[in-house]
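Sharing a structure here in structure tokens format.
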Number of protein chains: 4
Amino acid sequence: MTKPQAERRQRANGVESRRRILDAAVEIAGERGYEGTSIAAVKARCGLPASSIYWHFKDKDDLIAAVIERSFETWLSAVELPDESIGTPLERVTAMAANVARSLLDEPDFLRLGLMLALEQRPTEPRGRTQFLEARAVARQKVAEVIHLLLPSLEEDDVETLTTYAIAGADGLFVQRQINGDSVDLTRLFRLHAELVYEAGLRMAQAHA
Amino acid sequence: MTKPQAERRQRANGVESRRRILDAAVEIAGERGYEGTSIAAVKARCGLPASSIYWHFKDKDDLIAAVIERSFETWLSAVELPDESIGTPLERVTAMAANVARSLLDEPDFLRLGLMLALEQRPTEPRGRTQFLEARAVARQKVAEVIHLLLPSLEEDDVETLTTYAIAGADGLFVQRQINGDSVDLTRLFRLHAELVYEAGLRMAQAHA
Amino acid sequence: MTKPQAERRQRANGVESRRRILDAAVEIAGERGYEGTSIAAVKARCGLPASSIYWHFKDKDDLIAAVIERSFETWLSAVELPDESIGTPLERVTAMAANVARSLLDEPDFLRLGLMLALEQRPTEPRGRTQFLEARAVARQKVAEVIHLLLPSLEEDDVETLTTYAIAGADGLFVQRQINGDSVDLTRLFRLHAELVYEAGLRMAQAHA
Amino acid sequence: MTKPQAERRQRANGVESRRRILDAAVEIAGERGYEGTSIAAVKARCGLPASSIYWHFKDKDDLIAAVIERSFETWLSAVELPDESIGTPLERVTAMAANVARSLLDEPDFLRLGLMLALEQRPTEPRGRTQFLEARAVARQKVAEVIHLLLPSLEEDDVETLTTYAIAGADGLFVQRQINGDSVDLTRLFRLHAELVYEAGLRMAQAHA
DNA sequence: AATGAATGAGGATTCATTCAT
DNA sequence: AATGAATGAATCCTCATTCAT
């Protein structure tokens, strides 16, 4: 008798629909990568017909790029919050490391999908990959700033090296967690990583002094 | 008797055909991942008809698994060679790091494809992924052995942690190279990584002494 | 009151919108025929959303029919102008031929699209095709009248034959121009055509005398 | 009991299958033009699945081009047969005209489809169109040869003009037949056309004498 | 050991059209 | 007078796989 409301034709609501599509796509893309993210799968998970997905996104490339973009923003805001500058430098570094570790435990889709895209080498690069690399460049800049702040006497070149190494460690630890699951204590390893990077920085600074 | 020379290549030669298929598949899989590696694409690159691929390999899963297997073996033999135990421990560690760095510059297909597979989380895991994880376990065992050899007083638990961290760094640096190309000095970063891991091990050993 | 100027184009203006849609549709239909004229293509070229096209036209069939109608009217008025009856009959015939030739150089969309539709034989005939055939019947009637005027002694049957032949030549020459481009001197060929038709008419008239 | 043979899985026979596909495609394309020739329609008419059509033809463009090619060959061999050089020149001309008229009554698909393609002006020209224009160039060459044979004293330039006009008339008459059906006596009109062209040629030859 | 041909399921995308506002 | 959003059916084409030879 009381035909459920949900069954009625949705009142047109672009923003909400777009969100539903992205929600579905981020899950699937995080699981199956670029090629594995079929429009049919997204449609099945979000309930909107394929043609509606194409109303909101030009093509699959566009959808994946939007997924990356939103996913990165979510992740970034999850990471950035506790910016308070208290404690010794080392304490602050390890606090930040713990923060990143937690964010990667909570919101791993962004990085998993991004790394999958980044590892690919298609002749015509998907826009999602570009989007990820841009997001990554933003993140890299932030890391470099933190390093410069903590170790102001470091040479430009050494900041670069340290930044690269810091991010590499983060990526690698995320991969380990991805592969080996709960047996990997991300938080502890990230703290170790932060300490080692910081000490390497100290030593570099002394070497140049 | 009078069969023209030009036909000779067509003559049955299982080993050679199998090799051609794998050569083609490793390239494409390295470019496009699991889903992106279509039989049609392999066929186009190796010149053999699709049905011939199925003569040599049970199915696509089997082909990808074989790609991983062969690619890992190639890589492993490229890494292992200079095993001579000369010099100080630290020297030996950095020599090995340089060795791994070089191998990742030369034979990146194995790791790129493997990481792509490892990052996926599809419901039914492809055999290629299992194959990669097994290969990875072998490599991990070797790393653990080396660490145990260099730092015999380390607790089991610390060896595990250090091994995980060592491999994470290697993966992460490979990803950096993959993304940022020649601007990343893999050799130098690997040496830095090796030093940091070694020192972390020394400190762990002292802490427990 | 304070509505910015830039918004003004958005203001409701049915006639103008309708014109823009038809302008876009005539171009696309001239390029791609009936099936090839997608609403999306029209929308892209005229800038109005698809739903606006449906506000102005019942359906695609209706749009194409309107295109044909307007295109034919434009063409007809371009052809008819210099109707003055001066000079010898042959002079008048060749003047008219030149006139038609010129119109086909200027306004080819009508005939190109019409012929495409006419050549099709789909089960359910598009209304645009009917529209074209009606326009064509009008044109045919005019040609027949001219022939009758110039050669009043011709039998009804011969007028019909000559009319058919006259129009066939015009169509055929238009096609030649369409295919071979500027290398076809439409004006000269139309004059030749007019002469031949006129002489054929003279001979027919004599044969019956 | 006796399951009909036709129901059994076809024994692989590429040539036969290709023929069936072309037979189906030529009918549909003749009816509905390029865009209207959907792979689904061809599949329905020939009984082979769409993927089999793609085994034999690279894509739809390739299929249509093959249709044009085969259709032109069929038509050409239907036209060419009675080549005997007997009778007066005019008699021979009208005999040939009758021949062409009959061929267009029997095998109209080639020309109908070809003209549809020729009238289109897509940005990226379909290969079928090119194929048709090439076929048309061959036919044009033959017409020019016949004209030169019958009127050897004609200037090169006049042969060209006459050829263009001759073909234009043929196209135009075919279109008339296509539109007005049986009420158009193609044979008679073609004979008239042949006579007029021949006389125009005679006059041109005299003018230059 | 190899392959030409075939095939059903599914891929991304576009279609003409409608509807609520 | 107009439009953002939606939609089911159809589009072309590729997929992994099989089979008879």
Side-chain angles (χ1 to χ4, degrees), chain A residues 9-18 35-43 47-63, chain B residues 10-18 35-43 48-63, chain C residues 10-18 35-43 48-63, chain D residues 9-18 35-43 47-63:
Chain A
R9 167 87 110 105
Q10 295 289 136
R11 189 156 128 296
N13 182 343
V15 178
E16 159 74 0
S17 291
R18 202 186 133 97
E35 299 265 358
T37 303
S38 73
I39 298 296
V42 175
K43 155 196 142 155
L48 292 166
S51 44
S52 291
I53 298 175
Y54 280 91
W55 168 261
H56 290 279
F57 302 94
K58 192 173 102 30
D59 54 18
K60 184 173 147 173
D61 225 34
D62 193 34
L63 170 59
Chain B
Q10 301 294 349
R11 259 192 53 213
N13 183 342
V15 178
E16 159 75 0
S17 290
R18 201 186 134 96
E35 298 263 1
T37 303
S38 73
I39 299 295
V42 175
K43 158 196 137 157
L48 293 167
S51 43
S52 292
I53 298 175
Y54 278 88
W55 196 91
H56 288 280
F57 302 93
K58 188 172 124 354
D59 55 18
K60 181 174 151 173
D61 228 33
D62 194 34
L63 170 60
Chain C
Q10 301 294 349
R11 260 193 51 215
N13 183 341
V15 178
E16 159 73 359
S17 289
R18 201 187 134 95
E35 299 262 3
T37 302
S38 73
I39 299 296
V42 174
K43 157 197 137 155
L48 293 167
S51 44
S52 292
I53 298 174
Y54 278 88
W55 196 91
H56 288 280
F57 302 94
K58 189 173 120 356
D59 56 17
K60 181 175 153 175
D61 228 32
D62 193 35
L63 170 60
Chain D
R9 166 87 112 105
Q10 296 288 135
R11 191 157 126 294
N13 183 345
V15 178
E16 160 74 0
S17 291
R18 202 186 133 96
E35 300 264 358
T37 303
S38 73
I39 298 296
V42 174
K43 157 195 140 155
L48 292 166
S51 44
S52 291
I53 298 176
Y54 281 91
W55 167 261
H56 290 280
F57 302 93
K58 193 173 103 28
D59 54 19
K60 186 173 147 171
D61 224 34
D62 193 34
L63 171 59

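Within every chain, numbering begins at 1; the chains are lettered A, B, ... in the order of the sequence lines, protein sequences first and strands thereafter.
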* **d(NE2, B/His56; P, E/dA1) in whole Å** => 8 Å
* Structure fact -> Closest non-hydrogen atoms of B/Glu35 and A/Glu35, given as atom of the first, atom of the second and distance, are CB-CB, 3.3 Å
* **Shortest non-hydrogen separation from D/Arg18 to D/Phe57 and the atoms involved** => NH1-CE2, 3.4 Å
* Nearest-Å distance for atom pair CD/C1', residues A/Glu16 and F/dA6 -> 14 Å
* Asked: For the pair made of CZ in A/Arg18 and C1' in F/dA6, what is the distance, rounded to whole Å?
  -> 16 Å
* To the nearest Å, give me how far apart CG (B/Leu63) and P (F/dT17) are. =>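 One finds 10 Å between P of F/dT17 and CG of B/Leu63, rounded.
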* Minimum-distance pair of heavy atoms, taken over all atoms of A/Ser17 and A/His56 -> CB-NE2, 3.6 Å
* Kindly write out the residues that satisfy side-chain contact (heavy atoms from CB on, under 4.5 Å) with A/Lys58, not counting sequence neighbours, or none if the list is empty. => A/Asp62, A/Arg127
* Any stems for DNA chain F, made of 3 or more Watson-Crick or G-U pairs in a row, each with both distances under 3.5 Å? ->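 In DNA chain F, stems of three or more pairs: E:2-21 with F:2-21.
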* Structure fact -> Per-nt protein contacts along nucleotides 8-13 of chain F (heavy atom under 4.0 Å; B base, S backbone sugar-phosphate only, - none) come out as B--SSB
* Asked: Has the side chain of D/Trp55 got a donor or acceptor that lies under 3.5 Å from a partner of the other kind on the base of E/dA5?
  -> no
* Minimum-distance pair of heavy atoms, taken over all atoms of B/Ala50 and B/Ile39 ->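 Closest approach of B/Ala50 to B/Ile39: CB-CG2, 3.9 Å.
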